[in-house]
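Right, one structure below, let's go through it.
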Amino acid sequence: MASSDTALAAGQRARGLAPFLRSQMRNIAPFLTLIFLSGFFALASPSFATLDNLGNILTQVSVTGIIAVGLTFVILCAEIDLSIASIANVTGIAVAYFTLQESYVNIPNIPLPGAAAILLAILLCALLGLVNALGLTVIGIPSFIMTLAMMQIAAGISALLVRGQIAYKVPGVITTLGSGSIGGIPWIVIVAAIMLLGGHLVLTYTRFGRYVYMVGGNREAAEYSGLNVKLILGAVMVISAVCSGIGGMLGVAHFGSAQQNEFDTYLLDSIAAVVVGGTSLFGGRGGIGNTIVGLFVLGVLNNGLDHVNIDSFLKILIRGLILLAALVINVYAQRLREKAVE
Amino acid sequence: MREDRSPILELQGITKSFGGVEALRGVDFALSPGEIHGLVGENGAGKSTLMKIIAGVHTEFSGRFLIDGQETHFRSARDAHSAGIAMVHQELSVAPDLTVAENVFLGNQPTNRLGLVQWRRMAREAGEQLARFGIDVDPMSRLGDLPIGLQQLIEIARVLFSGARIVILDEPTSALSPPEVERLFATLRRLREEGTAIVFISHFIEDILRVSDTVTVFRNGRKVAETASAATSKGALIEAMIGRGGEALEHSYSDDLMLPQPSDSSVVLKVNQLSLARSLKDISFEARAGEVLGIYGFMGCGQQELSRILFGKLKPDGGTLAVEGKPKTFASTAAARRAGVALVPESRRAMLFHQEPVYKNISISILDRISALLLKPAQERDIAKRQVEQLQIRPPVVGLDLGMLSGGNQQKVALAKWLTYPPKLLVLCEPTRGMDVGAKNDVINIVRDLRAKGLAIIVLSTEPETVLSLADRILVLKRGALVREFTNEPVSKDRLLEAA
């Protein structure tokens with residue numbers, strides 16, 4: 001029945017280009033931002049637009065990218081996860097805690113074989129995600145508050161495990177994935193790319209992915225359609241925690257150490273990547289594609305500011321302003337789309 | 001009584017239209033101090049529109065509007081308020097998280113010279129006011145913790161004691177228990193002695209006849225009768241409301257309709273002694289395969305709650321459900337769906353995704369039947385196309401965002417969600433509300449087709465026409481209890497209204 005689809009296309013054309021662009025504002029604006037920023041830094045600094053530097057940017061956004069995969073699921077459901085950075089941190093610390101450290105590291109840890117250490121670390125982050133899920137769905141604590149508590153709980157576990165010390169060793173495979181490279185391409189970039197691709201496939205081509213969008217689009221309608229909304233919300237909280245955990249383990253290997261508060265900046269960066277990319281804070285709109293654009297915007301911004309001569313303290317303010325601008329666009333894009341549909 | 005006093009409010013030749021449709025046509029209305037004036041009419045007859053004009057909500061209309069003999073034109077509800085007119089709307093508008101006293105004084109809390117709230121004085125005065133109304137509650141308790149009926153009484157009390165000279169009560173008794181109704185009526189009578197003019201809108205004609213001095217009947221935007229309450233009867237008022245003769249374009253259902261023999265097919269749903277707080281009391285009934293069971297009642301009679309319990313959205317306080325003989329306690333709507341129950345709620349917004357294409361709206365409830373893990377968009381579209389064709393949804397483009405469709409077509413999509421793999425029991429709330437005649441007939445035909453396929457169907461509606469046009473058997477729900485069953489006997493609109 002190609003005819004009805006042609007009719008649809010014709011209908012959209014008849015309604016004109018402007019409404020179509022308005023309804024696509026959420027996807028267009030981040031792209032324009034990215035092009036603008038790249039162009040600006042390329043002109044401002046000769047060292048910015050090089051292949052080497054592209055590799056730097058990719059490596060720099062990899063850990064954020066891995067964490068942002070799970071967060072995209074959460075935000076698509078119109079929830080939030082503030083515990084991602086803390087869970088990343090505690091998982092990274094846990095995998096080091098279960099690995100034999102050098103004799104000068106003064107942590108009373110439990111060395112285990114590498115596979116066991118990784119398995120325990122993954123179980124830990126999944127368990128913390130499950131606690132988030134139960135708090136949100138069974139008890140009914142808003143995710144904002146529930147994950148705020150979890151942020152503190154995970155930080156507490158981290159503190160108890162390392163007791164102010166620094167651990168260095170993680171299992172070999174984690175070391176390779178976090179800091180090694182193959183054919184000149186860092187493994188961590190490959191892992192991030194695979195996870196982003198996996199997230200995209202799940203969201204676009206699976207039944208679960210559809211449910212995530214529908215729950216985010218209209219939670220009440222999802223419930224009246226007979227979906228198990230609580231199960232879906234619980235699942236995205238666990239997915240978010242596990243993605244954070246993986247990001248945390250590789251991050252620890254990437255940085256070469258596991259310590260308290262190591263991931264603090266990743267909370268804001270991950271949320272910023274998802275939202276700057278255009279995924280709606282009200283749920284139901286956006287996706288991994290948006291998150292990837294968001295990651296690049298953030299990566300280009302962070303990296304580019306290092307290439308131009310600018311007060312390093314001012315950089316923090318600039319990042320804040322860019323995030324604010326993205327939020328404004330996000331909210332407006334939602335309104336424009338609602339107007340286009342109604 | 002009213003002849004010897006000049007009217008406090010007088011409306012002459014009021015006409016009001018919404019987008020070319022006349023909601024009121026040349027209505028005259030007068031209200032005297034110390035009068036309780038009852039207003040009856042079907043949904044959409046114009047009662048509420050008239051009251052909203054009086055309360056300053058609608059400011060655009062033609063006709064003369066006099067207060068104390070002075071021609072007046074309100075520009076806002078605030079103007080009406082300062083002229084001493086207050087209205088209690090049917091939906092509760094209280095702040096459940098504030099205390100009883102704060103609710104009573106909402107917007108004008110007593111303050112001292114520094115602008116600080118005088119809590120003790122506020123609590124004392126609120127307590128005194130409520131005591132005059134026969135309500136004995138701690139003024140400092142949280143309003144939301146009180147039963148709904150009591151909340152409603154407190155809201156009414158707030159308005160009654162606000163010093164207004166004209167008080168409009170829209171459907172005030174629907175959520176009240178009989179003793180609470182008594183309390184309300186005693187207070188209304190006392191206020192009448194003090195010279196307040198009261199307008200009382202209700203579907204409960206007995207209530208109107210008991211408390212009001214005068215009754216006005218509306219039909220199709222016209223005032224069709226005004227009589228002293230003592231000189232009329234429930235039957236006469238119902239007749240005036242519905243009208244006899246060929247005025248209505250649609251089938252008026254004013255004549256008797258013969259319901260068929262009770263069906264002896266298998267019982268799909270058995271409800272036993274269901275109860276829910278103040279909303280439902282000991283509800284027991286059965287729904288059978290190939291039968292349309294109509295449940296009629298006024299707004300707030302417990303229909304909504306009942307439908308939500310059947311679909312696992314609300315948990316009952318007591319009672320049991322059994323689907324095809326198997327006892328069920330639905331933990332979620334997903335569990336109800338798996339057990340073969342489907343619900344189309346009265347609000348389309350509540351079950352449709354306006355920003356998603358039509359085919360995703362149709363497939364959402366059956367995705368697990370057509371795909372285990374991966375989506376099959378082509379199959380989804382095919383299924384949607386078949387439904388769109390069968391239900392004649394316009395435009396027939398399954399890729400279009402749902403929000404682009406008209407209301408009636410959206411309603412059909414809401415039905416289509418459940419039809420690819422038909423459920424055992426289909427619960428429809430207000431299936432034809434707000435539809436034009438053509439769309440209504442379409443829905444009626446769809447429901448009849450489904451009945452022929454052997455589904456058990458429950459239709460819940462506050463519109464007698466909807467129930468009469470669809471049902472094989474009719475239950476009447478009144479204030480949370482089943483009060484009458486119509487089966488194998490003649491039924492008509494007046495008989496239904498009489499029972500409710």
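Keep in mind that the numbers below use all heavy atoms, side chains included, and drop hydrogens, waters and symmetry copies. Throughout, a chain's letter reflects where its sequence line sits, starting with A, and its residues are numbered from 1.
- Contacts between residues 286-293 of chain A and chain B, defined by a heavy-atom separation under 4.5 Å, are made by no residue at all.
- The most heavy-atom pairs under 4.5 Å with chain A, out of Ser363(B), Pro377(B), Ala350(B), Ser365(B), come from Ala350(B).
- For Tyr205(A), the OH atom is loosely surrounded, since the number of other residues' heavy atoms within 6.0 Å does not exceed 12.
- Residue Thr91(A) holds its OG1 atom at 11.0 Å from CG of Leu250(A), rounded to the nearest 0.5 Å.
- Scanning residues 219-229 of chain A against chain B with a 4.5 Å heavy-atom cutoff picks out Glu220(A), Ala221(A), Ala222(A), Glu223(A), Tyr224(A), Ser225(A), Gly226(A), Leu227(A), Asn228(A), ordered by number.
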Practice task
For the pair Thr462(B) and Gln303(B), evaluate side chain to side chain donor-acceptor pair (under 3.5 Å) and give the outcome as yes or no after the intermediate values.
Solution key: CA-CA 9 Å; Thr462(B) 56; Gln303(B) 282 179 347; 5.4 Å; no
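- Heavy atoms closer than 4.5 Å to chain A are found nowhere in Arg338(B), neither backbone nor side chain.
- The existence of a salt bridge linking Asp368(B) and Arg337(B) is confirmed by a sub-4.0 Å separation between a basic side-chain nitrogen and an acidic carboxylate oxygen.
- Classification of the Phe311(B)-Trp418(B) ring pair by plane angle, with boundaries at 30° and 60°, yields perpendicular.
- When heavy atoms are compared at a cutoff of 4.5 Å, Ala335(B) does not approach chain A at all.
- Few gaps surround CZ on Phe353(B); more than 12 heavy atoms of other groups in view lie less than 6.0 Å from it.
- Lys315(B) and Glu305(B) are not joined by a salt bridge, as no carboxylate oxygen comes within less than 4.0 angstrom of a charged side-chain nitrogen.
- Applying the side-chain contact (heavy atoms from CB on, under 4.5 Å) test between Ser244(A) and each of Leu128(A), Leu71(A), Val69(A), Ile67(A) identifies Ile67(A) as the sole match.
- Rounding to the nearest 0.5 Å places CG of Leu367(B) at 11.0 Å from NZ of Lys376(B).
- Atom CZ of Phe144(A) has 12 or fewer heavy atoms from other residues, nucleotides or ligands within 6.0 Å.
- Within the 4.5 angstrom heavy-atom criterion, atoms from both the backbone and the side chain of Leu374(B) approach chain A.
- Interface remark: Ser347(B) contributes no atoms to any contact with chain A (heavy atom separation under 4.5 Å).
- Ionic pairing of Glu380(B) and Lys360(B) is not present here: no N-O contact between side-chain nitrogen and carboxylate oxygen is shorter than 4.0 angstrom.
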Handout entry: Full working for side-chain contact (heavy atoms from CB on, under 4.5 Å) between Val427(B) and Leu425(B)
Key = CA-CA 6 Å; Val427(B) 182; Leu425(B) 171 70; 4.1 Å; yes
